Amino acid sequence: MTSLLVTGASGLLGRRLLDAEWSGDRVVGTYYSTPIESGHETVRLDVRDAEAVERVVKRVDPDVVVHSAAATSVEACEDDPELAHETNALGTKHVVDAATAVGARVVYPSTAYVFGDDEPVHAEDDEPAPINRYGRSKLDGERYVRAAGSAGTIVRFCVVVSLDRADSPDFGSWVRRQLEAGERVRLIDDQEITPTVFSDAVDALGYLVEREERGVFHVTSPDRMTRYELGREIARRHGLDPDLVEAIPMAEMGWGAPRPRHLCLGSEKLRQRGYEPVRIRTE
Ligand SMILES: NC(=O)c1ccc[n+]([C@@H]2O[C@H](COP(=O)([O-])OP(=O)(O)OC[C@H]3O[C@@H](n4cnc5c(N)ncnc54)[C@H](OP(=O)(O)O)[C@@H]3O)[C@@H](O)[C@H]2O)c1
């Protein structure tokens, strides 16, 4: 690849994409409120501002745009539907329009929240039916990517977690830090997820970008588990005490946004192409 633009490069995923092995010689990252220290060029961008998006994309003139910028808090999106719509739906339209104008491909990280509870596990071709505003706004974003025709790739993740790092802001890393400090962690045991292991999120995006794959792909571990089970697994992997992990029901989280009991994706299309997502269960 000769040129890559990563929006949301100050985020959990975007930061890792800037330094991914596959990202090539010329990588430019955008941030919104959190400037990034990086060996790459970075630029401030609000994706809600169509003209600014057009200006940045035109100047960078990338071959590929990984549009990772999003309003990602499920609760904040529920409380502020306008923010969700403007950032995740219209922001994506702005990126798609600008990328199309310079002939760049768009790769759009999306989410298992585009589905509801009609099936325990959703395949790539299942009909989305989100039950919260975050999911709806990301689905609207997907629609703009699809409307651009054959130039788009939608890559859905579930909960992105590190299994081997203690220095990242993601859920897996946080659980490990808590357990290492001897703290109890209370984790949900009545919602099943298929976590996306961080290395898979980065590597599978690279795999799909390099192969110029188009369409919808899921990238998740085949292991269905609750966050409680995942927390115990992380404890076992690092020789920490799994009994510090306590099971709680979702109701105790006090969440306002509705959430499905099953937030699970099947990654069959990726597997058919020879990419096997990481397994998490060791027992
Ligand atoms: N992490 C997960 O578990 C997960 C799961 C499924 C799907 N995804 C998808 O993966 C993508 C990346 O998620 P993430 O976890 O990296 O999210 P994140 O850590 O919350 O980062 C979000 C990024 O978007 C930027 N941003 C927010 N509002 C913006 C705006 N108006 N204009 C421009 N940039 C804006 C943020 O910039 P500042 O920080 O500089 O303000 C940040 O760089 C998202 O599309 C998300 O829907 C993530």
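Every heavy atom of this structure was used, including side-chain atoms; hydrogens, water molecules and symmetry mates were not. Whatever order the structure lists ligands and atoms in, that order sets their numbers, starting from 1. Small disclaimer: the values here were computed from a predicted structure and weren't measured.
- With atom 18 (P) of ligand 1 as the reference point, the heavy atom nearest to it among T7, T72, T34, L263 is part of T72.
- Of the listed options V74, V219, L13, L13 places a heavy atom closest to atom 16 (O) of ligand 1.
- Scanning the protein heavy atoms around atom 15 (O) of ligand 1, the nearest turns out to be L12 CB, 3.5 Å.
- When only modelled atom types and interatomic distance are considered, S267 and T220 share a side-chain donor-acceptor pair under 3.5 Å.
- With hydrogens left out, the protein atom closest to atom 24 (O) of ligand 1 is A70 N, 3.1 Å, a heavy atom.
- Contact between C158 and ligand 1 is present, with at least one heavy atom of the residue lying under 4.0 Å from the ligand.
- E124 has no carboxylate O lying under 4.0 Å from a charged side-chain N of K269, or vice versa, which leaves the two without a salt bridge.
- Each of the following atoms of ligand 1 lies closer than 4.0 Å to a heavy atom of S33: 38 (P), 40 (O), 41 (O).
- Atom 48 (C) of ligand 1 has V160 CG2, 4.4 Å as its closest protein atom, hydrogens excluded (heavy atom only).
- Between V219 and L270, the closest side-chain pair of non-hydrogen atoms falls below 4.5 Å.
- Put simply, part of S110 is less than 4.0 Å from ligand 1, judged by heavy atoms.
- Put simply, part of Y134 is less than 4.0 Å from ligand 1, judged by heavy atoms.
- The local environment of CD in Q272 is crowded, with over 12 non-hydrogen atoms from other residues, nucleotides or ligands closer than 6.0 Å.
- If you look at R48 next to ligand 1, the close heavy atoms, those under 4.0 Å, all belong to the side chain.
- When only non-hydrogen protein atoms are considered, atom 33 (C) of ligand 1 lies nearest to L45 O, 3.0 Å.
- The proximity of R156 to ligand 1, defined as any non-hydrogen pair under 4.0 Å, does not occur for either the backbone or the side chain.
- Of the charged side-chain nitrogens involved, none lies within less than 4.0 Å of a carboxylate oxygen, so that R261 and E192 do not count as a salt-bridged pair.
- Atom 45 (O) of ligand 1 has as its closest protein heavy atom K138 NZ, 2.7 Å.
- Scanning the protein for heavy atoms near atom 43 (O) of ligand 1, the closest one is S10 OG, 2.7 Å.
- The protein atom (non-hydrogen) at minimum distance from atom 32 (N) of ligand 1 is V47 N, 2.9 Å.
- The shortest N/O to N/O separation between A71 and ligand 1 does not fall below 3.5 Å.
- Within ligand 1, counting atoms from 1 as listed, the ones closer than 4.0 Å to a heavy atom of P109 are 10 (O), 11 (C), 45 (O).
- Near D46, meaning under 4.0 Å from one of its heavy atoms, ligand 1 places the atoms 30 (C), 31 (N), 32 (N), 33 (C).
- Taking the six-membered ring where the residue is Trp, F115 and H122 present parallel rings, their angle staying beneath 30° rather than reaching 60°.
- In Q178, the CD atom is crowded: over 12 heavy atoms of neighbouring residues, nucleotides or ligands sit closer than 6.0 Å.
- Residues R227 and Q191 bring a donor and an acceptor atom of their side chains to less than 3.5 Å of each other.
- Under the 3.5 Å distance criterion, with hydrogens and angles disregarded, a donor-acceptor pair is assigned to the side chains of R48 and Y32.
- Between the side chains of S3 and D63, no donor-acceptor pair is found at a separation under 3.5 Å.
- Residue S68 approaches ligand 1 through these ligand atoms, each under 4.0 Å from one of its heavy atoms: 11 (C), 12 (C), 44 (C), 45 (O).
- Residues R271 and Y275 bring no donor and acceptor atom of their side chains to less than 3.5 Å of each other.
- For G91, the heavy-atom gap to ligand 1 stays at 4.0 angstrom or more.
- Taking every non-hydrogen atom of V159 and a distance limit under 4.0 Å, the qualifying atoms of ligand 1 come out as 3 (O).
- Salt bridge status for E41 with R59: present, with a side-chain N to carboxylate O gap under 4.0 Å.
- The aromatic rings of H67 and Y108 sit parallel to each other, their planes meeting at less than 30°, with 60° as the upper class boundary.
- Among protein heavy atoms, the minimum distance from atom 35 (C) of ligand 1 is reached at Y32 CB, 3.5 Å.
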